[in-house]
Engineer: 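Attaching a single structure in C-alpha cells format; questions to follow.
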Amino acid sequence: MGINPYPAEKFDVNAFSKDIKENYDAEKGNYQEVSLAGRIMMKRVMGKASFAELQDSSGRIQIYVNRDEICPGEDKTLYNQVFKKLLDIGDFVGISGFAFVTRMGEITVHVKEFKYLSKSLRPLPIVKRIKNEETGEEEIFDAFTDPELRYRRRYVDLVVNPHVREVFLKRSKVINSMRNYFNDQGWIEVETPILQPLHGGAAARPFVTHHNTLDMPLYLRIANELYLKRLIVGGFDGVYEFGKMFRNEGMDRTHNPEFTSMEIYVAYKDYVWMMGMVEECLEKVCVAVTGGTKVKVGDNEIDFKGPYRRLSMYDSIKEYTGIDVSKMDEAELRDVCKQLHIETDNSMGKGKLIDEIFGEKVEDHLIQPTYITDYPIEMTPLAKKHRTEEGLVERFELFVNGKEIANAYSELNDPIDQRERLEDQLSLAERGDDEAMVMDEDFVRALEYGMPPTSGLGIGIDRLTMMLTDNASIQEVLFFPQMKKEV
RNA sequence: GAUCGCAUAGCUCAGCUGGUAGAGCAUUUGACUUUUAAUCAAAGGGCCCUGGGUUCGAAUCCCAGUGCGAUCACCA
C-alpha cells in the first residue's frame, strides 16, 4: 500500500491533549488548526465514522475520523484499510484537524489529516477506565498490575499507567526543587569519582571491579563524603552532589543495590545550623512536589512545615522507655536490652547497644519530622566530638513516619582525631566487623592541610521520594529496579 | 539468608473432592456517519512457569528448581 510504518521525517506538533481539553471554548472557536502526535489507545469504529483516543505526553484526547474527510477522492484505502484495519492500539500517529464538542459533550479533535508515525508490533495491555455514574469515581478494569511485568517492562507500565508516570514526574521535582534551593544559596553542584580505589565514607560492603590498564581493583562508591570534604579543603564554601551509590547488600522493598543520595557540605557551619537549613529545604521540596506542606503517607498525615522537633537520642530513649541510659556502661546497657527483650550479641559495643534500643523502642514513634541529635561516638567516626557532652558526637538524623531520611554532622576536621577514629575502625575490622571503615591516608592528609569547620548532610532521594509519593516500595520510585535474570 | 503466598490466552482472572482448557477485554471477519468500557453477529487464540514423581488419567496431588510478592533479619 506504499505506507511506511516507520517514516524518517519529523512531524510538527502544535498542541497537546491536555491544553485542548482544559482551554477549548466553542464560543471562542480556538484550537481550529491543531496537530497532535501520540499513541492510539482505544478505537471505536462505526462504519464511515470512527472515534479513537490519542495519548500524548500530557494525557488523552478523543479524536473523530470521518471516511470521506480523510479520503476525499475515490480511493478510500486510508480509511478502510489503514485506519480501520491496520491501525492497532499502541501505534503512533500524527493528526491534524480542529477541536469541537460531540453531542455527548466531549471535547474532541476532528481529524482532517492522518499520518502513520510508528507501528507497534506487540499488543499493549488494555486498561479500561470508566466513571461510575453513581459514585462519580473512576473504576479501572483489567489494570496492568503484575509487579514483575511492570518492573521488567517499565516502558509498558508507563504507557498504560498514568499514576506511575506521575510518581516519576514527582521524583524529578524532588531533585530539581532541592537543586534549585541549593543553587539559590550559592552552593556548587559537583561530581566526584564513582570508581574509587578505597571504599570510604560509610559502612557497607562494596561492589568490586578491576581496571585493566592500571591493573588494580576499583570499588563502586558506597559514599562520596570523603571526596566532597576534600573539595571543602580546596576552598569551596558549599558543594553538593546528587548521585548513585552502590552497596553490595540485601535487597528488599527499601533497598536497591544502586540508589541515589544527595550529599552537601557547607563551610563555617555546624549541625545546629544544618537543622534549620533542612527544614527550610524540605518544606520547599514538599510544596514543589505536592502543592502544600502536608502529605499523606500510609495512614499518617505528615507536615513538612518547620521547625521540626529536636530531641537528643538519650532523651528520646528516656521518653519512650522511661530509662535514662546516658550514664550507663556497657554491662548496664546489656541489662536494659535484656529487660526490654532486645537481642544482643558480644560484638556489640556501647554505641551499638544504644542504637539497638533506639531502633526497637523509639524509631516507630517518630511520625512527624523529628531530629534525633547527639549520637554515641563509637558509631560515627567522621563526626566532630560534641562541644559539651562527653562520649557523643554532633550528629543528627531526621526521622519521618518512623524512618530515617537524613543524616548530618558537624564534620570532624581535626586530622589527629580523625586518624585515631579511623584507626579504631581498623581494630574493629580486625575483631571481625566487616562493616568497619577503612583508613584513607589521602583523606587524612587533606585534613592536615586544614578544613574549615563544616556541616555536612546526606539525604536518601529514593526514600524521600517514596515518602512524598506515598509508596512503600523503593521499586515504585526507580524506573528500573534491579531484578533477577529473566528466564 | 529464613518463613509464607502466587505463577493458566496479549491483559485481568475463573477452573470445586484428579476425568477433553474457560470468561471478559484485546485480536481476526462482517454490519453500522457523533460513539465513549460503543453495540450486534461470527471466528481464531494455550509448553496451564520448568523438571521429576504418584495415577488408567495431573492445570489440579507430592518433591525439587526458577521468578515475583509479603513478613522477618541486615542496611540507606
Side-chain angles (χ1 to χ4, degrees), chain A residues 41-53 60-69 79-80 84-90 100-108 110 120-133 138-153 156-157 159-161 201-205 222-223 244-263 343 345 352 355-356 359-360 397-399 403-407 434-435 458-464 466 472-476 481 483-487:
Chain A
M41 296 304 286
M42 192 166 286
K43 211 165 71 160
R44 295 183 281 272
V45 176
M46 293 164 305
K48 296 179 187 118
S50 298
F51 289 88
E53 280 176 28
R60 288 189 191 185
I61 191 164
Q62 178 167 265
I63 62 174
Y64 170 73
V65 178
N66 182 300
R67 186 190 71 183
D68 296 327
E69 291 187 51
Y79 183 77
N80 285 340
K84 277 171 69 174
K85 298 281 170 61
L86 297 179
L87 185 67
D88 289 323
I89 286 173
F100 76 110
V101 179
T102 64
R103 274 183 214 160
M104 302 299 288
E106 178 152 353
I107 294 172
T108 301
H110 188 124
S120 166
L121 297 179
R122 292 177 186 263
L124 283 175
I126 308 295
V127 181
K128 303 256 183 180
R129 292 184 186 77
I130 178 175
K131 255 209 178 117
N132 186 311
E133 296 297 333
E138 192 174 70
E139 293 182 29
I140 295 180
F141 294 78
D142 298 338
F144 181 61
T145 52
D146 177 14
E148 180 169 7
L149 271 179
R150 285 183 48 234
Y151 302 149
R152 288 195 196 278
R153 304 187 195 175
V156 174
D157 191 27
V159 170
V160 303
N161 287 327
R205 279 169 55 202
I222 57 173
K244 283 280 180 75
M245 305 298 151
F246 306 85
R247 297 191 184 174
N248 204 344
E249 294 173 340
M251 289 168 57
D252 60 28
R253 69 187 193 291
T254 56
H255 297 262
N256 196 66
E258 56 182 283
F259 63 99
T260 301
S261 90
M262 190 295 304
E263 293 220 0
E343 284 187 29
D345 64 59
K352 182 75 180 163
D355 197 54
E356 286 291 315
E360 281 294 320
E397 291 188 313
L398 176 61
F399 287 84
K403 312 238 161 50
E404 181 217 324
I405 63 165
N407 182 21
D434 58 358
E435 286 181 348
I459 293 181
I461 296 298
D462 311 289
R463 298 273 174 91
L464 179 60
M466 285 164 67
S473 164
I474 197 170
Q475 297 168 109
E476 294 293 344
M483 303 286 275
K484 288 191 187 171
K485 207 161 37 175
E486 197 175 355
V487 280

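Just so it is clear, the values below take in all heavy atoms, side chains as well, and ignore hydrogens, waters and symmetry mates. Residue numbers begin at 1 in each chain, while the letters A, B, ... track the order of the sequences.
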Engineer: Which is true for T145(A) with a 4.0 Å heavy-atom rule: it touches a base, it touches only sugar-phosphate, or it touches nothing?
Structural biologist: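 Sugar-phosphate only.
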Engineer: Mind checking the P distance from U12(B) to U17(B)? Whole angstroms is fine.
Structural biologist: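 One P to the other, the span is 26 Å.
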Engineer: Heavy atoms only: give me the nearest K85(A)-N80(A) pair and the separation to one decimal.
Structural biologist: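 K85(A) and N80(A) have their closest heavy atoms at CG-O, 3.4 Å.
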Engineer: What residues form a side-chain hydrogen bond (donor to acceptor under 3.5 Å, both in side chains) with S120(A), not counting sequence neighbours?
Structural biologist: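 None.
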Engineer: To the nearest Å, give me how far apart CZ (R152(A)) and C1' (C49(B)) are.
Structural biologist: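 The distance from CZ of R152(A) to C1' of C49(B) comes to 12 Å, rounded to the nearest Å.
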Engineer: Return the set of residues passing side-chain hydrogen bond (donor to acceptor under 3.5 Å, both in side chains) with D252(A) (not counting sequence neighbours), or none when no residue passes.
Structural biologist: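 For D252(A), the residues satisfying side-chain hydrogen bond (donor to acceptor under 3.5 Å, both in side chains) (neighbours in sequence not counted) are T254(A).
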Engineer: Given C74(B), is OP1 or OP2 found less than 4.0 Å from the side-chain N or O atoms of R205(A)?
Structural biologist: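 No, no such contact exists.
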Engineer: Determine the contact category for M483(A): base if any of its heavy atoms lies under 4.0 Å from a base atom, sugar-phosphate if only primed atoms, P, OP1 or OP2 are that close, otherwise nothing.
Structural biologist: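 Sugar-phosphate: the residue M483(A), judged by heavy atoms under 4.0 Å, touches backbone atoms but no base.
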Engineer: List the residues meeting side-chain hydrogen bond (donor to acceptor under 3.5 Å, both in side chains) with E69(A), not counting sequence neighbours, and say none if there are none.
Structural biologist: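 With sequence neighbours excluded, E69(A) shows a side-chain hydrogen bond (donor to acceptor under 3.5 Å, both in side chains) to H110(A), given in chain and number order.
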Engineer: C16(B) and A59(B): how far apart are their C1' atoms, nearest whole angstrom?
Structural biologist: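 Pairwise C1' distance, C16(B) against A59(B), rounds to 14 Å.
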Engineer: With the sugar-phosphate defined as primed atoms, P, OP1 and OP2, and the base as all remaining atoms, what B/S/- string results for nucleotides 30-36 of chain B, 5' to 3', for protein heavy atoms under 4.0 Å?
Structural biologist: S-BBBBB
Engineer: Whether the side chain of D252(A) and the base of A76(B) hold a donor-acceptor pair under 3.5 Å is what I'd like checked.
Structural biologist: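 Flag unset: no donor-acceptor pair detected.
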Engineer: Here's a test of your reading of the structure: between K484(A) and G250(A), which maps to the more 5' nucleotide of RNA chain B?
Structural biologist: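 Nearest-nucleotide comparison on RNA chain B picks K484(A).
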Engineer: From CG of N161(A) over to C1' of C11(B), roughly how many Å is that when rounded to an integer?
Structural biologist: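 Rounded to whole Å, this separation is 11 Å.
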Engineer: Taking the C1' atom in each of G22(B) and G5(B), what is the distance between them to the nearest angstrom?
Structural biologist: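 Here G22(B) and G5(B) have their C1' atoms 24 Å from each other.
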Engineer: With pairs defined as Watson-Crick or G-U wobble and both distances under 3.5 angstrom, please note down RNA chain B as a dot-bracket string, | for pairing with another strand.
Structural biologist: (((((((..((((.....[..)))).(((((.......))))).....(((((..]....))))))))))))....
Engineer: Across the strands shown, which category fits Q475(A) at heavy-atom distances under 4.0 angstrom: base, sugar-phosphate, nothing?
Structural biologist: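 The answer is sugar-phosphate, as Q475(A) gets under 4.0 Å only of primed atoms, P, OP1 or OP2.
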Engineer: Here's a test of your reading of the structure: between D88(A) and F144(A), which maps to the more 5' nucleotide of RNA chain B?
Structural biologist: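 Nearer the 5' end of the strand: F144(A).
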Engineer: With a 3.5 Å distance limit and no angle check, can you tell me whether Y151(A) reaches the backbone of E476(A) through a side-chain donor-acceptor pair?
Structural biologist: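 Not a single qualifying donor-acceptor pair exists.
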Engineer: Roughly how many Å apart are U71(B) and A64(B), using the P atom of each and rounding to a whole number?
Structural biologist: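 After rounding to an integer number of Å, I get 25 Å for this pair.
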Engineer: Which of the following nucleotides, C68(B), U28(B), A76(B), is nearest to the side chain of R463(A)?
Structural biologist: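 The nucleotide sitting nearest to the side chain is A76(B).
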Engineer: Considering only the P atoms, how many Å lie between C63(B) and U54(B), rounded to the nearest integer?
Structural biologist: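 Those two atoms are separated by 15 Å.
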Engineer: Rounded to whole angstrom, note down the P distance from U36(B) over to G46(B).
Structural biologist: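 My reading of the P atoms in U36(B) and G46(B) gives 33 Å.
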Engineer: Of all the heavy-atom pairs spanning A472(A) and M466(A), show the shortest one and how long it is.
Structural biologist: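 That would be O-CE, 3.5 Å.
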Engineer: Rounded to the Å, how far apart are E360(A) CD and C72(B) P?
Structural biologist: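 Rounded to whole Å, this separation is 11 Å.
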Engineer: Kindly give the heavy-atom pair with the smallest separation between M251(A) and P257(A), and that separation in Å.
Structural biologist: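 Residues M251(A) and P257(A), closest heavy atoms: CG-CD, 3.7 Å.
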Engineer: Can you give me the closest heavy-atom contact between E258(A) and K244(A), atom names plus distance?
Structural biologist: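 In this case the closest contact between E258(A) and K244(A) is OE1-NZ, 2.7 Å.
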Engineer: Give L149(A) one of three labels, base, sugar-phosphate or nothing, depending on what nucleic acid heavy atoms sit under 4.0 Å from its own.
Structural biologist: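 Sugar-phosphate contact only - L149(A) comes under 4.0 Å of backbone atoms but never of a base.
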Engineer: For the pair N407(A) (side chain) and E397(A) (backbone), establish whether a donor and an acceptor sit closer than 3.5 Å, ignoring hydrogens and angles.
Structural biologist: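 Side chain of N407(A) to backbone of E397(A): no pair is present.
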Engineer: Please state how far atom CE in M251(A) lies from atom C1' in C68(B), giving the value in whole angstrom units.
Structural biologist: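 Rounded to whole Å, this separation is 11 Å.
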Engineer: Without decimals, in angstroms, what is the distance between I474(A) CD1 and A76(B) C1'?
Structural biologist: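 That distance rounds to 8 Å.
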Engineer: Taking only residues two or more places apart in sequence or in another chain, which ones pass side-chain hydrogen bond (donor to acceptor under 3.5 Å, both in side chains) with R67(A)?
Structural biologist: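 R67(A) satisfies side-chain hydrogen bond (donor to acceptor under 3.5 Å, both in side chains) with no other residue.
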Engineer: Atom CZ of F246(A) and atom C1' of A76(B): how far apart are they, to the nearest Å?
Structural biologist: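 From F246(A) CZ to A76(B) C1': 14 Å.
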Engineer: Distance check, C1' atoms only: G18(B) and C62(B), in whole angstrom units.
Structural biologist: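 About 13 Å, rounded to a whole number of Å.
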Engineer: Could you give the CD-to-P distance, from E249(A) to C74(B), as a whole number of Å?
Structural biologist: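 Computing the E249(A):CD to C74(B):P distance gives 12 Å.
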Engineer: Assess whether atom CZ of R153(A) is packed by more than 12 heavy atoms of other residues, nucleotides or ligands within 6.0 Å.
Structural biologist: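 Check fails, neighbour count at 12 or below.
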Engineer: Measure the distance from CG on D355(A) to P on C74(B) and round it to the nearest whole Å.
Structural biologist: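 So the CG-P distance, D355(A) to C74(B), works out to 11 Å.
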Engineer: Which value, in whole Å, describes the distance between the P atoms of nucleotides U29(B) and C13(B)?
Structural biologist: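 My reading of the P atoms in U29(B) and C13(B) gives 29 Å.
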Engineer: Using a 4.0 Å heavy-atom cut-off, does N256(A) contact any base of the nucleic acid, only the sugar-phosphate backbone, or nothing at all?
Structural biologist: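 Since a base atom lies under 4.0 Å of N256(A), the category is base.
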